[in-house]
Asker: 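Below is the structure I would like to discuss, written out as structure tokens.
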Amino acid sequence: MVQLYNLHPFGSQQVVPCKLEPERFCGGGRDALFVAAGCKVEAFAVAGQELCQPRCAFSTLGRVLCLAYSEAGDYLAAIEEKNKATFLRAYVNWRSKRTENCRVCIRMVGHKVEAPFSDTFRDQMSIIEMPLSEAPLCISCCPVKGDLLVGCTNKLVLFSLKYQIISEEFSILDFERSLIIHIDNIVPVEISFCVGYVALMSDLEVLIVKLESDPKTGESVNYQPLKINNPMRQTEGISNETLQLDSDDFVICQKPVELLGEKSSQSGVSVTLESTGLDDKTIKYYHVQHLLYKRFAPDISSLVLSDDIKLHSLQLLPIYQTGSPTSDRKKLSQEKELLSLFCFFSLPHVGYLYMVVKSVELMSVYQYPEKSQQAVLTPQFLHVITSNNLQCFTVRCSAAAAREEDPYVDTTLKACPPVSMDVCALRIQLFIGLKAICHFKNHIILLTKADPEAIPERREPPKRLLSRKGTNVKFKTPPVAEAGWNLYIVDTISPVQLYKEMVDYSNTYKTAKTQSCIHLLSEAHLLVRAALMDASQLEPGEKAELLEAFKESCGHLGDCYSRLDTQYSHLALPYYKMSGLSMAEVLTRADWPLEDGSQKYERGLIFYINHSLDENLDEELSEELAAKVVQMFHMAEPKQLPHILCSPSMKNINPVTAMNYLSKLDISGFSSILVTLTKAAMALKMGDLDRHRNEMKSRPEMKLVCGFILEPRLLIQQRRGQIIPTELAVQLKDTQPGLLVASVLGLQKNNKIGIEEADSFFKVLCGKDKDTIPQLLVDLWEAQLVAGLPDVVLQELFFKLTSQYIWRLSKMQPPDTIPLRTSEDLINACSHYGLIYPWVNVLISSDSLADKSYTEDLSKLQSLICGPSFDIASIIPFLEPLSEDTIAGLSVHVLCRTRLKEYEQCIDTLLERCPEAIIPYANHELKEENRTLWWKKLLPELCHRVKCGGEKGQLYLSSLKETLSVVAVELELRDFLNVLPEDGTAAFFLPYLLYCSRKKSLT
């Protein structure tokens, strides 16, 4: 038995002014009700709170056996009986019928209408005849596309809705018989159709299939009679010989079966498709996917198949993407996008609700307190009628659809009550003599009749279920209407009004701390969520009211989960987030003293506050609320207290209060270094520098780095998307910059801070604009190179460093603080910094006026260029600010050209600017394949410059002698003579010639 709440989902009611006793009735879109009685259908206008008024009436061919309305296409379909023959007809453009005697156009399905008749069709109702080879048993209209599915004894026939274009300004509705679904071994009593999903039901069986539209994976749709191989039914021991025995001696009963997904294809029910469309391009469905087969066992206590064990109320309920439907009927099928689909069917005492999109799953089982006669499913409720009661149950459709629509449901961002939550009955309303029910919009239509006396009409049942002793009772309506009947329209109250009543009802459970409070508030939440999903039914202005109720319901659920100690306490976080409540508002609501006056904070509230403070919200708590938070965590989660105090939201905490709670902590169970750093930060906030220094000195530097990694917000905080250095970070910048850089580097290594965030942090910390680079940031870049961070792109880091070195050298700008590492430190610690070439030192030493303030930047730049990892070509475009007029600029340019193997240009430059460095340069660079440049380039250049003389003549002469010594060793005598200048003095070159001629004998 489900839980019953005595709520009031039903509002006002009125009597439909029918002239005859209704035999069939159904809703007609948003504003109409159709009632069939005798050979007539009456349409009533139903709008808001106004009284139901007759709208129009039209005659039928015979008594109406089945009635169905399609909002897509705005037509009414009916199965009618006349002279024991049944007919299928569709009534279109019925709104144009003003009086009962108005002209009506009758045409055959698919009949082409000529243009001259367009004016006739525009303003009058049309009846479309749909001939069938077998008698129609039941019908269903697709709520999305308007297609009509007709159930016959051995098949289902699909009529696709289409429009005949008469002219550019006018088109008429028509149908095309596009598909026949052949079904063996099951006779449909009820069917339901929605966007390719087909559900059919016999007395004790339910089958759900999906018509697939993918031709690549589908089979041919041409129907071929198949020999059915039915292993399931064969294994049940029913053979042909058995069936030939006298059936009076046997009762044939089949076992109850439930097959889901692919297994349902083993049910023994054969389903094949036959395309009947005139154009192959219009083929919509190609093959069948079986989704569900369920068979119930009859009650064998009696030998008749009574109504007590018959299924009823088969229904497919679609839920669409939020806000997709529009009021334009012709565009309705295009605008609606199916989100989720549910199937309901019921036995007299039990109802079943399945979800059938993506996966087939039993969602809910409804146990009725008494025998049901009919039920109708809506996105918000399940309405069930018994002989004397109208029952209203909750459903889980919106909970399932929410998870299909939003992937963030069931995360820390969003939540929704579970699909598996027990359903409940909101109301059991006394209604005498209930016979039938239907639903449209926010109306429930009820047919009542006091003490009816039905006339039974017997017919032979299929032998596959019971012996011929069984009877299938079909109620035959008396030809003369009996007194004592009424057709009621019962309005359901607005979702917001019912929601408020459910919230008021839940207040009775708040002090008891039971799950009932959560259950009822969850029902209220799902009610509002379902109403928001069904956007097509909302009145103007109602959505804003529903959204406010939705947020309020999230707040109530957050309160429940935060104050109740359950395994789902963590749900307080997403519900509070969805409520839009600020942290201060939640803390104000969270004041729940115990009976003895003490205070206890459950883990749901602690979980919410802990996560909220950890997410760096832009909200700052007042001093009083911040103190309350510290008190809460001191009582419930003391080990989280250091983390809580580092949150930007706790900016206004009194540091004395925080220090008192920190001093009470037992640090044996968790990281004591974090407590030390938090104390140091609070002491700094108090202005107690001595205590701050003592706390910082009490731990080694590497331990302090580990503490900052555990809680990065001790150094870096974010407010409104901006990076804000803490007071502790500012203090470390001035007193322990090395610790600060090492800590930020540790944060990067542990993925606690990104590269760009670290750069921004140091710029903000040092008060620099975006274009100015502080030395501490350069120190960080150098530390990143030394550490070899895996996430740092090496060439980008080289570019940052070289750009800064070059900018300072070109502007003669010294660092704003003393660098943490010298070039020598970097060379010893990092392989990317190479040993500076010896000739570079000679070149630099020649500048006696060099400014020592920027020599470190020059050495680091030279070391990077001399290193093995640097891409020289990438730096050339950025060397322009660094002039070659200075020795510093010259050394960098020559270094880069040397790395690019432009040796001849480098020789010319050095001979012109610094001849004393030419021999060290040649000794270091002109080796192996470049050794020929000694005599091909360097020797001729030196001879020429010695001959020209000048103030550097002596330097050139000494360099020439060194060059000749090297060439004499490298070349044979004849080759040596060939490279000597023709106009040289023989006495000068003679010693080198003698050495060259004697070197063979020496070796």
Asker: Side chains of Leu605 and Val586: does their closest heavy-atom pair fall under 4.5 Å?
Answerer: yes
Asker: Taking the six-membered ring for Trp and the single ring otherwise, decide whether the centroids of Tyr561 and Tyr568 are under 6.0 Å apart.
Answerer: no
Asker: Would you give the length of the straight line joining atom CE of Met635 to atom OH of Tyr661, rounded to the nearest 0.5 angstrom?
Answerer: 9.0 Å
Asker: Taking all heavy atoms of Pro655 and all of Met686, pick out the closest pair and write down the distance.
Answerer: CB-CG, 3.4 Å
Asker: Quick one, Thr394 with Leu426, criterion side-chain contact (heavy atoms from CB on, under 4.5 Å). Give me CA distance, side-chain angles, the key distance, then yes/no.
Answerer: CA-CA 7 Å; Thr394 58; Leu426 298 182; 3.8 Å; yes
Asker: With a 3.5 Å cut-off and no angle check, do the side chains of Glu552 and Tyr499 form a donor-acceptor pair?
Answerer: yes
Asker: Under a 4.0 Å N-O cut-off, is there an ion pair linking Glu404 with Lys358?
Answerer: yes
Asker: Whether the Ser649 and Glu619 side chains hold a donor-acceptor pair (N or O, under 3.5 Å, no angle test) is what I'd like checked.
Answerer: no
Asker: With no hydrogens and no angle check, is any side-chain donor or acceptor of Asn610 less than 3.5 Å from a backbone partner on Ile606?
Answerer: no
Asker: With a 3.5 Å cut-off and no angle check, do the side chains of Glu585 and Thr588 form a donor-acceptor pair?
Answerer: no
Asker: Checking Glu523 side chain against Val395 main chain: does a donor-acceptor pair fall under 3.5 Å?
Answerer: no
Asker: Taking Lys628 for its side chain and Leu587 for its backbone only, find out whether a donor-acceptor pair lies under 3.5 Å.
Answerer: yes
Asker: State whether a side-chain donor-acceptor pair under 3.5 Å links Ser672 with Arg699.
Answerer: yes
Asker: Cut-off 3.5 Å, side chains only: do Tyr5 and Gln3 have a donor facing an acceptor?
Answerer: yes
Asker: Do you know the tightest heavy-atom contact between Pro369 and Ile428?
Answerer: CG-CD1, 4.0 Å
Asker: Taking NZ, NE, NH1 and NH2 as the nitrogens, is one of them in Arg719 or Asp618 under 4.0 Å from a carboxylate oxygen of the other?
Answerer: no
Asker: Can you see which heavy atom on Leu776 is nearest to which on Pro737, and at what distance?
Answerer: CD2-CB, 3.7 Å
Asker: Give the minimum heavy-atom separation between Pro379 and Ala530, together with the two atoms involved.
Answerer: O-CB, 3.6 Å
Asker: For Glu796, enumerate each residue passing the side-chain hydrogen bond (donor to acceptor under 3.5 Å, both in side chains) test, keeping only those at least two apart in sequence or located in another chain.
Answerer: none
Asker: Does the pair Glu782 and Val778 meet the rule for a side-chain contact (heavy atoms from CB on, under 4.5 Å), with working shown?
Answerer: CA-CA 6 Å; Glu782 292 172 348; Val778 177; 3.8 Å; yes
Asker: Tyr576 and Ser562: side-chain donor and acceptor closer than 3.5 Å?
Answerer: yes
Asker: Compare all side-chain heavy atoms of Leu674 with those of His643 and state whether any distance is below 4.5 angstrom.
Answerer: yes
Asker: Is the closest side-chain heavy-atom distance between Pro648 and Gln718 below 4.5 Å?
Answerer: no
Asker: Taking the side chain from Asn652 and the backbone from Leu621, do they hold a donor-acceptor pair closer than 3.5 Å?
Answerer: yes
Asker: With rounding to the nearest 0.5 angstrom, report the CG to OG1 distance, Leu520 to Thr508.
Answerer: 8.0 Å
Asker: First locate atom SG of Cys343, then atom CG of Leu353, and finally report the distance between them rounded to the nearest 0.5 Å.
Answerer: 8.0 Å
Asker: Take Asp688 and Asp690, measure what side-chain contact (heavy atoms from CB on, under 4.5 Å) needs, and give me the verdict at the end.
Answerer: CA-CA 6 Å; Asp688 191 346; Asp690 291 335; 3.9 Å; yes
Asker: Measure the CE-CD distance between Met533 and Gln380 for me, rounded to the nearest 0.5 Å.
Answerer: 11.5 Å
Asker: Checking Asp406 side chain against Ala402 main chain: does a donor-acceptor pair fall under 3.5 Å?
Answerer: no
Asker: Can you name the residues that form a side-chain hydrogen bond (donor to acceptor under 3.5 Å, both in side chains) with His383, not counting sequence neighbours?
Answerer: none
Asker: How many angstroms lie between CZ in Phe607 and CD in Glu602, if you round to the nearest 0.5 Å?
Answerer: 15.0 Å
Asker: Could you tell me if the side chain of Thr817 sits less than 4.5 Å from the side chain of Lys733, heavy atoms only?
Answerer: no
Asker: Side chains of Leu645 and Val630: closer than 4.5 Å at any heavy-atom pair?
Answerer: yes
Asker: Is any side-chain heavy atom of Arg427 closer than 4.5 Å to a side-chain heavy atom of Gln391?
Answerer: no
Asker: Taking Asp422's backbone N and O only, do any of them form a donor-acceptor pair with Arg396's side chain (distance below 3.5 Å, no angle check)?
Answerer: yes
Asker: Can any side-chain N or O of Ser579 pair as donor or acceptor with the backbone N or O of Cys554 at less than 3.5 Å?
Answerer: no
Asker: So, Thr492 side chain and Asn442 main chain: donor-acceptor pair closer than 3.5 Å or not?
Answerer: yes
Asker: Where do Ala683 and Met659 come nearest, in terms of heavy atoms and distance?
Answerer: N-CE, 3.5 Å
Asker: Report the C-alpha separation of Thr735 and Arg693 in whole Å, then their side-chain angles, then the decisive distance to 0.1 Å, and conclude whether the side-chain contact (heavy atoms from CB on, under 4.5 Å) test is met.
Answerer: CA-CA 10 Å; Thr735 59; Arg693 282 191 288 266; over 6 Å; no
Asker: Treating Gln784 as the side-chain partner and Leu797 as the backbone partner, does any N or O pair qualify as donor plus acceptor under 3.5 Å?
Answerer: no
Asker: Does the side chain of Leu573 come within less than 4.5 Å of Ser612's, by heavy atoms?
Answerer: yes
Asker: If the threshold is 4.0 Å, N to carboxylate O, is there a salt bridge linking Lys752 and Glu711?
Answerer: no
Asker: Give, for atom CD of Glu695 and atom CE of Met682, the distance between the pair rounded to the nearest 0.5 Å.
Answerer: 12.0 Å
Asker: Take atom CD of Glu548 as the centre, draw a 6.0 Å sphere, and report whether it contains more than 12 heavy atoms from other residues, nucleotides or ligands.
Answerer: no
Asker: List the atom of Phe10, the atom of Cys392, and the distance in Å for their closest heavy-atom pair.
Answerer: CZ-CB, 3.7 Å
Asker: Under the 3.5 angstrom rule, does the side chain of Ser647 hit a backbone N or O of Ile644 as a donor-acceptor pair?
Answerer: no
Asker: Answer whether the closest heavy-atom distance between the side chains of Phe344 and Tyr352 falls below 4.5 Å.
Answerer: no
Asker: Taking the ring of His525 and the ring of Tyr575, is the distance between their centroids below 6.0 Å?
Answerer: yes
